[in-house]
Amino acid sequence: MMSSKTITIADVYAALERVMDPEIPVLSVVDLGMITGVDLNDSAVHIKMIPTFAACPAVSYIQHNIKTVLEKELGIAVSVEVDKQEHWHSNRMTPAAKEKLKAFGIAPPKVLAGEVSAELMMEVPCPHCGSEQTYLRSPFGSTLCRAIHFCKNCGQVFEQFKPLE
Amino acid sequence: MNNAALTDLIIKMADDELIQGHRNSEWTGLGPVMEEDIAFSSMAQDKIGHAWALYRMLHEELGGRGPATFAFVRPENELKSSHLVEMPNGEYDFSLMRHFLFDLAESVRYESLQDSSYEPFRLLSKKVKGELKYHTLHANAWIMQLSRAGEESYDRMQQALDQTIALAAGIFEPSQLYEEALIEDKVYPGETALYHRWLDRIYPVLVKASLNLPEISAIVPVYGGRHGLHTPHLQSLLREMSEVFNLDTEASW
């Protein structure tokens, strides 16, 4: 726990990097691009965040985790709100996050240049063997943010974090 | 801006999302293959999330009741859902065709709201529009695949379209009280404009599937839901939906 005088915005982000997504525990809320604002004053910090999907059931859980972890790490009052001015899209995910996701066995979303199309969901590289000989089994998976693919090369089903506009 | 008109439009949209979401969830555990079971369950979750966002908008921006109370304790004649979403799931052909017609209607509606003069609509529509892409991707793929899967399959998809089209056209019932105000205030382009955009959107998919869209002039839209006149199916659905809520209306989830 630090003294409040020494806390900087960088400290807040460092603490946020220890708040992991409950559904993908290798990614932090910063990796996922869920943080849209940090307001810091002498006695408190206010965090603005956005969920990946509107119906994400983990939002209040994540809000609670941010508050708990930051209060413990920084020792000041923390408030967390959902930012209505911003909406999440998959290009918010950092390149480092995409590597972590792949290492976790989930194919990362391709970078979106325009709108999501059926083509963009085809030939997604397999996170296990790297082959592009894959096809989309279903645009819906075990959580709202995942799709199911099959790799013809290694014969395995795998999940992809969906690209989102 | 006309708050009564906005409230009316938001309730219609939210109630459609809530009821369609509940119908989708009835496929959980019963889908014909695992992926479809997951797809309808995921879409149920999305729809109810969108309904929730709209009920929150009513509550926070327009002074309405709390989302859960508003969703679950209104009497049947205060709901404004369309007859299309009230219909029981029936066979998979009917459910898929309804999903296709409903989600393409949602797409044109939320796309139009990106230009709305009402800021909460603009903000929400960006989010919903992206998520809907996966619903329409799913719907279009299955409409095409099942229509090309042999004679019986084709016949059933055509029959499902014939049974559903007038109900789906009923989504676009213009409000007798508020339509002109909403168009004039540039909240949205109005139901008639959306109906024509929707027809333009469903047509190319139906052509690829070799399905015959009935003569447009012969379609008699099924109206009524928007002003509280419902099918007998809604009452039993509401009873089931609110069963847990009514056990303890003060509970926090």
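We name chains A, B, ... by the order of the sequence lines, and we start the count at 1 in each one. Computed from a predicted model, the values in this text were never measured in an experiment.
Looking at Ile38(B) and Ile148(A), their side chains come closer than 4.5 Å, going by heavy atoms from C-beta outward.
The local environment of NZ in Lys102(A) is sparse, with at most 12 non-hydrogen atoms from other residues, nucleotides or ligands closer than 6.0 Å.
The contact between Ala39(B) and chain A is made by backbone and side chain atoms together, counting heavy-atom distances below 4.5 Å.
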Which atom pairs, one donor and one acceptor, sit under 3.5 Å between chain A and chain B?
residue, atom, partner, partner atom, Å
Thr52(A), O, Lys127(B), NZ, 2.6
Ala54(A), N, Glu131(B), OE2, 2.7
Lys84(A), NZ, Glu60(B), OE1, 2.3
Glu115(A), OE1, Lys133(B), NZ, 2.9
Glu115(A), OE2, Lys129(B), NZ, 3.4
Arg137(A), NE, Glu35(B), OE2, 2.7
Arg137(A), NH2, Glu35(B), OE2, 2.6
Pro163(A), O, Tyr134(B), OH, 2.3
Glu165(A), OE1, Lys129(B), NZ, 3.2
Glu165(A), OE2, Lys133(B), NZ, 2.5

